[in-house]
Amino acid sequence: MNHSSFKLAPSILAADFARLGDEVKAVEKAGADRIHIDVMDGHFVPNLSMGEPVIRSLRPVTKLPLEVHLMITNPDAIMDEFAAAGSDTFIVHYEGNNNLHRTIQKAKQLGKKIGVAINPATSACVLDAILSEIDLVLVMTVNPGYGNQHFLSFTLDKIKKVHQMIAEKKLACEIEVDGGIIPETASQAAQAGATVFVAGTSVFKSSLGIPAAMQALLST
Ligand code: DX5
Ligand code: ZN
C-alpha cells in the first residue's frame with residue numbers, strides 16, 4: 001500500500017482503559033489519523049462501552065480528530081452533549097434509524113462531520129439517497145458490538161459497490177472499514193476501495209508494539 005493514501009483510526013475499545021490517555025498519545029505519535037471511539041448502549045448492540053465522559057477526558061490529551069461510532073438506539077438524543085465534549089465526527093448506523101436524514105442534518109448543524117455505518121447484512125444500495133450528504137461510509141466488516149472478531153470476507157463485494165457508487169456520483173466521501181482489520185484484511189479492503197482502517201486489537205494488543213503494528217497495517 002502507498003502510506004500516504006491510507007489512514008488509520010485506532011479503536012480505543014482495545015486499549016488499556018487504565019492508561020487511556022497514554023495509549024491515545026502513543027497512537028498519535030505513531031501517525032494515527034483519528035481516534036475511533038466505540039459507543040455502545042447494550043440495546044442497539046449487546047454490549048456496553050463508553051460515553052461522553054471519555055470524550056471529555058480525551059479531548060485535551062490529543063490534537064487528533066475524535067471520531068465517535070454511535071452503536072446506540074437514539075443517536076439524536078446524545079449528539080449535543082457529545083459535540084460539546086469534543087467529538088469531531090459522528091458515525092451513525094443506517095439500521096434502526098427511521099429518520100436518518102434528520103440525524104445527518106443535526107450533525108451538520110452542530111458543525112460536525114457525519115458518517116453512516118452499514119452492518120454486514122445491510123446492502124450498499126440503502127446509501128444511494130444520502131451518499132451526497134455525508135462525509136464517510138463505514139462498512140462494518142464484523143457485526144458491531146465486540147472487538148477482536150474475524151473479518152467477514154463477503155463484505156469485500158460491498159466495499160467495491162460503495163466505491164463504485166461514490167465514483168459514479170463523483171463524491172469525496174471516504175470509505176472506512178471496521179472490524180477484524182489485520183494487515184491481510186486491510187490489504188484486501190484497500191484493494192476493494194477502502195481508504196480508512198479502524199483497528200483495535202491489531203494496534204493496541206499487538207506483540208509488535210504500537211508503532212510497528214501500525215506500520216504493518218499500512219504496508220501490506
Ligand atoms: C465493533 C467496533 C470496532 C471494534 C474493532 O463493534 O465498532 O470499532 O473496536 O475492533 P477490532 O479491530 O479488534 O476488530
Ligand atoms: Zn467502531
Side-chain angles (χ1 to χ4, degrees), residues 6-17 20 23-24 26-27 30 32-51 54-55 58 64-73 75 78 82 87-97 113-122 134-156 158-159 174-190 194-208 210 213-218 220:
F6 296 99
K7 294 171 178 168
L8 266 188
S11 161
I12 60 168
L13 193 62
D16 177 355
F17 281 28
L20 193 52
E23 295 267 70
V24 166
V27 293
D33 182 74
R34 59 193 79 170
I35 303 297
H36 186 88
I37 302 174
D38 288 304
V39 177
M40 306 177 183
D41 66 356
H43 184 261
F44 183 81
V45 289
N47 197 8
L48 283 168
S49 59
M50 58 198 118
V54 173
I55 292 155
L58 287 180
L64 294 180
L66 301 178
E67 164 182 282
V68 182
H69 179 188
L70 295 173
M71 288 164 275
I72 65 177
T73 299
I78 54 85
F82 275 50
S87 308
D88 296 289
T89 302
F90 290 114
I91 300 177
V92 297
H93 274 258
Y94 165 81
E95 297 83 8
N97 191 328
K113 287 193 170 183
I114 180 73
V116 172
I118 49 174
N119 282 341
T122 303
I134 62 179
D135 299 294
L136 75 91
V137 172
L138 182 72
V139 178
M140 289 305 301
T141 44
V142 298
N143 287 300
Y146 300 95
N148 200 22
Q149 301 181 75
H150 287 294
F151 182 91
L152 298 168
S153 301
F154 72 83
T155 60
L156 287 167
K158 182 162 48 178
I159 298 165
E174 290 183 307
I175 304 178
E176 184 167 317
V177 285
D178 185 6
I181 299 296
I182 57 175
E184 187 191 0
T185 55
S187 175
Q188 291 167 355
T195 56
V196 188
F197 307 104
V198 177
T201 306
S202 65
V203 167
F204 290 105
K205 299 274 199 280
S206 170
S207 57
L208 302 173
I210 286 173
M214 287 175 53
Q215 192 73 11
L217 284 165
L218 289 173
T220 47

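Both ligands and their constituent atoms are indexed starting at 1 by order of listing. Heavy atoms only: backbone and side chains are in, while hydrogens, waters and symmetry mates are out.
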Next item on the list: Looking only at N, O or S atoms, find the one in Asp178 nearest to the Zn ion (ligand 2) and name it.
Entry: OD2
Notebook entry, point to check: Does ligand 1 have a heavy atom under 4.0 Å from the side chain of Asp38, from its backbone, from both, or from neither?
Noted result: side chain
Notebook entry, point to check: Between Ser11 and ligand 1, which part of the residue brings a heavy atom under 4.0 Å of the ligand: side chain, backbone, both or neither?
Noted result: side chain
Notebook entry, point to check: Is there at least one pair of N or O atoms, one from Gly200 and one from ligand 1, spaced under 3.5 Å apart?
Noted result: yes
Note to self: Between ligand 1 and Gly145, is the shortest N or O to N or O distance under 3.5 Å?
What the structure shows: yes
Next item on the list: Would you mind checking which non-hydrogen protein atom is closest to atom 5 (C) of ligand 1, with the distance to 0.1 Å?
Entry: Asp178 OD1, 3.5 Å
At a 4.0 Å cut-off, with the gap strictly under it, does some heavy atom of [X] reach an atom of ligand 1?
| X | value |
| --- | --- |
| Ala14 | no |
| Ser202 | no |
| Met71 | yes |

Check: What atoms in ligand 1 come closer than 4.0 Å to a heavy atom of Gly179?
Finding: 14 (O)
Next item on the list: For the atoms OD1 of Asp38 and ND1 of His69, give the angle they form at the Zn ion (ligand 2), rounded to 10 degrees.
Entry: 90°
Check: Is the backbone N or O of Gly179 less than 3.5 Å from a side-chain atom of Thr141, with the two atoms forming a donor-acceptor pair by type?
Finding: yes
Item checked: Partners meeting ring pair (Phe, Tyr, Trp, His ring centres under 6.0 Å) with Phe44 (sequence neighbours left out) -> His93
